[in-house]
Every structure is written in C-alpha cells, then in structure tokens.
A.B. asks: 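Can you read through this structure? Questions will come right after.
In what follows, chains are A, B, ... by sequence order, proteins preceding strands, each numbered from 1.
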Number of protein chains: 2
Amino acid sequence: MKIEEIIQSTSMPPARKTVINIIFTANLLSEQSAEVLKPFGLSLPQFNVLRILRGQKGKPANLSTIQDRMVNKMSNTTRLVDKLIEKGLASRIICAENRRKVEISITQKGLALLSEIDAPMDEMNQKAISRLSEDDINSLNDLLEKVRG
Amino acid sequence: MKIEEIIQSTSMPPARKTVINIIFTANLLSEQSAEVLKPFGLSLPQFNVLRILRGQKGKPANLSTIQDRMVNKMSNTTRLVDKLIEKGLASRIICAENRRKVEISITQKGLALLSEIDAPMDEMNQKAISRLSEDDINSLNDLLEKVRG
DNA sequence: TTTTAATTGTTGTATATACAACTGTTGTGC
DNA sequence: GCACAACAGTTGTATATACAACAATTAAAA
C-alpha cells in the first residue's frame, strides 16, 4: 500500500513523502519487534542494549560506548541499564582506574535470555522483508546508507 | 557509514541488518524533525496529527480516523489531541448524530502554525535525502512499500 | 422492550523518554 | 597544590506512551 493512501495525503513533496515512508515503515517494524519481545518482558531498547553488551564478547562496556552504538539514542541510558540490572540481565561495577566510569556487562542470565530470543526475532525479521529479493535487500541497505550520508 | 560499523556488529543475518538499518535511519530522521519542531513547541506526533487535520480540508475528523492515518500508532490519541486543544491549535466538539463520536478540527491558529513550519520542515526533508537521485528516491519508496507488503 | 453486545472515547497506572541540572572525578594551567 | 574546566554518569521534572480497565452511547437480539 502506497504511503499516500495510508496517510491519505495526495501530492506531497517527494522529500517529505520519502521521510514519512521511512519513519512509517520503521514504526511497523518496531511494533513487530516489540511484539516478539513482549513474552520475554523486554522493551526494544532494552533488547538492543543487551545485544550491544553481548557484542562486547566479555569485555565490559561503559555508558558512552553503549550510547554510541544504540539504534535509538535514548537520553537516559542509566535508567535503561538499571532495568536490566533489576532483572539480573546485566551487572554494573565502578571502573577502578577511572572512577567516573562504570563497567557494564551482560550476565549469564542475560546471555541465556538473548539466545532464547534470537530465533523468533530473526524469524520475524525474515518474514518482515520476505517480499524483497536479495538484490532488493542490497539496494535498500545501500539507499539507507546513502540517506545517512 | 555502514550500519555494521555504527552498531559495531559484524556478520548479522541480512534480514536483521536490514530491519536495524531501517529503524536506525528512521530514528535519525525523527530526531532531525523534532529539532525543526522544537522552536514551535510541537512534538513530532503532535505535528503529524495537525497535518492530518489540515488534510481534512475543513471536514472534522474523529479519533479513529486520526489514528488510522497516524504515522506512529499511538495508543493515546485522546491526550495528544488534548495537548493540541490546550495550545489552541485544534478544537473538539461532540458529534450531534452519534454522541460517542467527537469531531476534531484544526483551528486558524493551527493552520497558521503549520504554514510557518512547512518551509523549514520541507527544507530539512530535502537536505536529509539530498544524496539521493530522483531514481534513488523512487527505488527507496518502492522498496519500503514492498517491505510493508 | 429489555438485555446483551459492539462501538467510541476516556481515564488510571506503570514505564519510558527528553531535557536540563546536578554530583563526583579527573585533568590542566597557573 | 589549587582553581577551574572537562568528563562520565546520575537524578529531577515534565511529558509521552503502552496497556488495560472503564464509561457512555448506540445497535442488535431475545
């Protein structure tokens, strides 16, 4: 369905249309992701932070590292990490060399939860872009990269 | 910059990569849009609702119509509209024929505000996709449409 | 006609987010 | 060494959002 039909707005400037199209599609995908995460009690940002921590492969991360890599730059990573710690999915220790810094790591419980989620999440992702050919996927990624400059 | 570099994650399944790429790019664009709206005291969802109301061309809209057309399906359109009414940008009257329904319209003040915002917003949109050719833009819109099915 | 179901919004509650102010820690120039 | 700036997180406050429960009105069924 064309974006014009969805938002019932004819004759938009192409730039506006494209921006709305990207945001709208992303919202759909976010909703679907949230749906997958719901049974596991995680929000999408929480899940993304967990994945970042897993990507550290044992090496702990400080808050600014997490923030740099976050898909959605949240203003309050502290409280997001708090939630993960409350759930026992991450741990935080104050850095010995530089006591301004904190070191955040994923716990075994966190890793276990992520590995449970991986399959259904990738399945959803597959399904979400199942209408695209391999070439389409490459083009889309290239175009998005081009948008970001 | 490739999405892998940004989130520092090598070798993702292509589907996951693409989904993250879309959401990440959309977040950038949302942030930029919010930046444009800030001086006008509007959030992005508020702005979108105002645009929907303007698109009605005088005809009032009820809540479910607004919700259908919203870029981001918010669960609480009531309170979003409340904010617009507080600011004098929209008005709400209870529908005479069906008193469950409400009729929401944009006010003159709302229209005036939107017309102020149009130029800087479209300018931002232009800039955001300035690296895309006309063909690129068409491909991107087609591919996103294909994703949505 | 009275009861039941469906529609349309609203409100309550918990959580999330943006933004700015604040605290504690480290580094720099004098 | 001391004042001051820069850094790294944390906390406060207002707003936004998701989700579910609720109320009011209308339509349908018995």
Side-chain angles (χ1 to χ4, degrees), chain A residues 23 26-28 30-50 60-87 89-105, chain B residues 23 26-28 30-50 60-87 89-105:
Chain A
I23 295 178
N27 281 333
L28 281 184
S30 294
E31 277 167 31
Q32 291 176 36
S33 304
E35 202 61 36
V36 171
L37 293 173
K38 210 171 156 185
F40 301 99
L42 284 183
S43 69
L44 187 51
Q46 285 172 9
F47 174 65
N48 283 324
V49 169
L50 269 190
N62 54 31
L63 271 186
S64 51
T65 306
I66 295 175
Q67 245 161 355
D68 288 346
R69 298 192 187 158
M70 270 164 74
V71 178
N72 33 357
K73 309 284 174 218
M74 275 226 329
S75 55
N76 211 326
T77 314
T78 298
R79 278 182 282 227
L80 187 45
V81 169
D82 284 346
K83 292 284 164 188
L84 294 177
I85 290 172
E86 271 174 38
K87 293 175 191 167
L89 304 172
S91 67
R92 167 167 43 196
I93 55 173
I94 289 167
C95 190
E97 315 95 64
N98 185 341
R99 290 181 33 194
R100 285 172 299 189
K101 289 192 178 181
V102 296
E103 296 195 325
I104 297 147
S105 318
Chain B
I23 295 178
N27 282 333
L28 281 183
S30 293
E31 278 167 31
Q32 290 175 37
S33 303
E35 201 62 35
V36 171
L37 293 173
K38 210 170 157 189
F40 299 101
L42 284 182
S43 70
L44 188 50
Q46 285 172 10
F47 174 64
N48 283 325
V49 170
L50 269 190
N62 55 30
L63 272 186
S64 52
T65 307
I66 295 175
Q67 244 160 356
D68 289 344
R69 299 194 185 156
M70 271 165 74
V71 177
N72 33 358
K73 310 283 174 218
M74 273 226 332
S75 56
N76 211 325
T77 315
T78 298
R79 278 183 282 226
L80 187 45
V81 169
D82 284 346
K83 292 285 165 187
L84 294 177
I85 291 171
E86 271 174 39
K87 293 176 191 170
L89 305 173
S91 68
R92 167 166 43 197
I93 57 173
I94 289 167
C95 191
E97 314 94 67
N98 185 341
R99 290 180 34 191
R100 284 172 301 188
K101 289 192 179 181
V102 296
E103 296 194 325
I104 296 147
S105 318

A.B. asks: Can you check whether B/Q67 has a side-chain N or O nearer than 4.0 Å to OP1 or OP2 of C/dT8?
C.D. replies: no
A.B. asks: For A/G41 versus A/K87, what's the shortest heavy-atom pair and its separation?
C.D. replies: O-NZ, 2.9 Å
A.B. asks: Would you indicate which nucleotide in D/dT10, C/dT8, C/dT10 comes nearest to any side-chain atom of B/V102?
C.D. replies: C/dT10
A.B. asks: For D/dA16 and B/Q46 - does any side-chain N or O of the residue sit under 4.0 Å from the phosphate oxygens OP1/OP2?
C.D. replies: yes
A.B. asks: Measuring to OP1 and OP2 of C/dT15, would you say a side-chain N or O of A/S43 lies under 4.0 angstrom away?
C.D. replies: no
A.B. asks: For A/K83 and C/dT17, give me the distance from atom NZ to atom P, rounded to whole Å.
C.D. replies: 11 Å
A.B. asks: When you get a sec, tell me which of C/dG9, D/dG9, C/dA16 is the closest nucleotide to the side chain of B/N62?
C.D. replies: C/dG9
A.B. asks: Hey, does A/E31 reach any base, or is it just sugar-phosphate, or nothing, if we go heavy atoms under 4.0 Å?
C.D. replies: nothing
A.B. asks: Do B/N62 and B/T65 get their side chains close enough for a donor-acceptor pair, meaning under 3.5 Å?
C.D. replies: yes
A.B. asks: Could you check how far CD of B/E35 sits from P of C/dA18, rounded to whole Å?
C.D. replies: 12 Å
A.B. asks: Between C/dC19, C/dT7, D/dA18, which nucleotide gets closest to the side-chain atoms of A/R79?
C.D. replies: C/dC19
A.B. asks: Whole Å only: how far is the CG atom of B/L63 from the P atom of D/dA24?
C.D. replies: 17 Å
A.B. asks: On a heavy-atom basis, which atom in A/A26 and which in B/I23 lie closest, and how many Å separate them?
C.D. replies: CB-CA, 3.8 Å
A.B. asks: Specify the separation, in whole Å, of atom CD1 of B/I104 and atom C1' of C/dT10.
C.D. replies: 12 Å
A.B. asks: Just N and O in the side chain of A/S64: are any of them under 4.0 Å from OP1 or OP2 of D/dG9?
C.D. replies: yes
A.B. asks: For B/L37 and C/dC19, give me the distance from atom CG to atom C1', rounded to whole Å.
C.D. replies: 16 Å
A.B. asks: On a heavy-atom basis, which atom in A/A96 and which in A/R99 lie closest, and how many Å separate them?
C.D. replies: O-CG, 3.9 Å
A.B. asks: Taking the side chain of B/R100 as heavy atoms from C-beta outward, which of D/dT10, C/dG9, C/dT8 is closest to it?
C.D. replies: C/dT8
A.B. asks: Expressed as a whole number of angstroms, how long is the span from A/E97:CD to D/dA8:C1'?
C.D. replies: 14 Å
A.B. asks: Between D/dG9 atom P and A/L80 atom CG, what is the distance in whole Å?
C.D. replies: 14 Å
A.B. asks: Counting distance only, does the side-chain N/O of B/K83 pair as donor-acceptor with the main-chain N or O of B/S43 below 3.5 Å?
C.D. replies: no
A.B. asks: Among D/dG9, C/dT10, C/dT8, which is the nearest nucleotide to the side chain of A/T78?
C.D. replies: D/dG9
A.B. asks: Using whole Å, what does the distance between atom P of nucleotide C/dG24 and atom CD1 of A/I94 come to?
C.D. replies: 12 Å
A.B. asks: Please give me the minimum heavy-atom distance between B/L80 and B/P45, naming the atom from each residue.
C.D. replies: CD2-CB, 3.9 Å
A.B. asks: With sugar-phosphate meaning primed atoms plus P, OP1 and OP2, does A/E103 contact a base, only sugar-phosphate, or nothing at under 4.0 Å between heavy atoms?
C.D. replies: nothing
A.B. asks: If the cut-off is 4.0 Å, is B/R92 near the phosphate of C/dT10, judged by side-chain N/O to OP1 or OP2?
C.D. replies: yes
A.B. asks: Where the side chain of B/N76 is defined as all heavy atoms beyond and including C-beta, which of C/dG12, D/dA8, D/dT26 is the nearest nucleotide?
C.D. replies: C/dG12
